[in-house]
Chemist: 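Sharing a structure, written as structure tokens. Questions coming.
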Amino acid sequence: MATKMPVPIQFRLPEGWLPARLAEFDATGVAFAAVHTQPAADFTANITIDGEYRPDAATLTELADDSVERLREVAESVVVAHRRGAGSADAPALTQQLTFSAVVGDARHNLVQSQVYLSMVDIEEPHRRVVIRLTLTATGAQYDHVLGDFQDFVRTVRSDTEVEA
């Protein structure tokens with residue numbers, strides 16, 4: 001079941017990407033998903049967005065570690081290929097790249113996933129912290145082709161202060 005974002009955000013999808021129907025795939029915890037218009041090897045590259053309020057003081061690194069452990073529950077050979085902190089003290093971020101093998105449909109695929117964690121303050125309640133995760137998943141062969149699109153997408157993600165309550 002799809003979920004609602006804890007705070008409103010806005011973003012722009014790159015050319016060649018379309019919003020996905022969340023009911024058509026396992027979208028547990030996902031607030032938004034988009035698919036690439038050119039599938040590769042029976043797998044469609046996708047971008048997902050999820051987020052949650054974090055009442056604890058968990059670091060972005062700890063949250064990324066948790067994500068790796070959850071992926072290991074459903075995939076094989078999960079490897080953290082790259083991880084680095086980004087952003088500023090006021091708006092920290094973390095990126096990580098994972099490689100893994102998973103069965104999708106009837107076929108096993110070697111996949112690459114880029115995750116970007118953004119820490120945001122709830123504008124209406126500044127004492128509350130929200131962590132948003134942006135994720136790109138693609139086949140190893142497709143990854144380099146869609147990574148630039150994902151980076152362009154990440155640069156457009158903003159808190160949407162124009163949304164009415």
Side-chain angles (χ1 to χ4, degrees), residues 1-53 60 63-64 66-68 70-71 74-75 77-87 91-120 123 130-164:
M1 173 184 285
T3 189
K4 184 178 175 188
M5 288 299 294
V7 295
I9 62 170
Q10 59 180 318
F11 53 86
R12 189 175 60 252
L13 284 176
E15 189 174 323
W17 292 83
L18 298 172
R21 293 187 182 120
L22 294 178
E24 293 181 5
F25 63 95
D26 181 13
T28 304
V30 173
F32 177 84
V35 292
H36 196 261
T37 56
Q38 298 177 346
D42 297 327
F43 183 86
T44 303
N46 60 81
I47 293 172
T48 60
I49 303 173
D50 64 84
E52 64 182 338
Y53 281 106
L60 294 180
L63 298 177
D66 289 346
S67 181
V68 170
R70 283 191 309 275
L71 185 58
V74 297
S77 306
V78 178
V79 174
V80 178
H82 178 75
R83 181 184 283 174
R84 74 177 177 87
L94 180 136
T95 64
Q96 70 177 2
Q97 181 188 70
L98 310 174
T99 60
F100 59 98
S101 176
V103 174
V104 180
D106 294 331
R108 178 163 299 284
H109 295 278
N110 292 321
L111 301 173
V112 181
Q113 191 173 84
S114 283
Q115 299 176 341
V116 176
Y117 292 82
L118 305 172
S119 184
M120 298 178 160
I123 294 170
V130 172
V131 175
I132 297 183
R133 181 176 60 170
L134 313 170
T135 304
L136 166 69
T137 307
T139 64
Q142 190 180 36
Y143 182 77
D144 288 339
H145 176 70
V146 296
L147 179 59
D149 290 349
F150 181 64
Q151 292 167 333
D152 291 344
F153 166 76
V154 168
R155 284 191 278 277
T156 72
V157 175
R158 302 275 183 274
S159 176
D160 190 350
T161 57
E162 301 298 317
V163 174
E164 296 181 19

Chemist: State the CD-CZ distance between Q113 and F150, to the nearest 0.5 angstrom.
Modeler: 9.0 Å

Chemist: Please round to the nearest 0.5 Å and tell me the distance separating atom CG of L71 and atom OG1 of T135.
Modeler: 10.0 Å

Chemist: Are more than 12 heavy atoms from other residues, nucleotides or ligands located less than 6.0 Å from atom CG of D42?
Modeler: no

Chemist: Report the distance from atom OG of S159 to atom CG of L118, rounding to the nearest 0.5 Å.
Modeler: 11.0 Å

Chemist: With a 4.5 Å heavy-atom cut-off, do V112 and T139 have their side chains touching?
Modeler: no

Chemist: Could you tell me whether the side chain of L63 reaches within less than 4.5 Å of the side chain of V131, counting heavy atoms only?
Modeler: yes

Chemist: Let me confirm one number: the CZ-OH distance from R133 to Y117, rounded to the nearest 0.5 Å.
Modeler: 4.5 Å

Chemist: Distance-only check: which donor-acceptor pairs under 3.5 Å involve side-chain atoms of residues 92-102, not counting sequence neighbours?
Modeler:
{"from": "Q96", "atom 1": "OE1", "to": "R83", "atom 2": "NE", "distance (Å)": "2.9"}
{"from": "Q96", "atom 1": "OE1", "to": "R83", "atom 2": "NH2", "distance (Å)": "2.6"}
{"from": "Q96", "atom 1": "NE2", "to": "A64", "atom 2": "O", "distance (Å)": "3.4"}
{"from": "Q96", "atom 1": "NE2", "to": "Q115", "atom 2": "OE1", "distance (Å)": "2.5"}
{"from": "Q97", "atom 1": "NE2", "to": "Y143", "atom 2": "OH", "distance (Å)": "3.0"}
{"from": "S101", "atom 1": "OG", "to": "R108", "atom 2": "NH1", "distance (Å)": "3.1"}

Chemist: Rounded to the nearest 0.5 Å, what separation is found between the CG atom of L13 and the CG atom of D152?
Modeler: 11.5 Å

Chemist: Quick one: does H36's side chain get under 4.5 Å of N46's, heavy atoms only?
Modeler: no

Chemist: In chain order, what residues pass the side chain to side chain contact (heavy atoms under 4.5 Å, CB included) check against T156, with sequence neighbours excluded?
Modeler: F11, R12, F153

Chemist: Can you confirm whether F32 sits close enough to I47 that some side-chain heavy atom of one is under 4.5 Å from a side-chain heavy atom of the other?
Modeler: no

Chemist: Enter the distance from T44:OG1 to Q142:CD here, rounded to the nearest 0.5 Å.
Modeler: 7.5 Å

Chemist: Answer yes or no: is there a donor N or O on one side and an acceptor on the other, between the side chain of T48 and the main chain of V30, under 3.5 Å?
Modeler: no

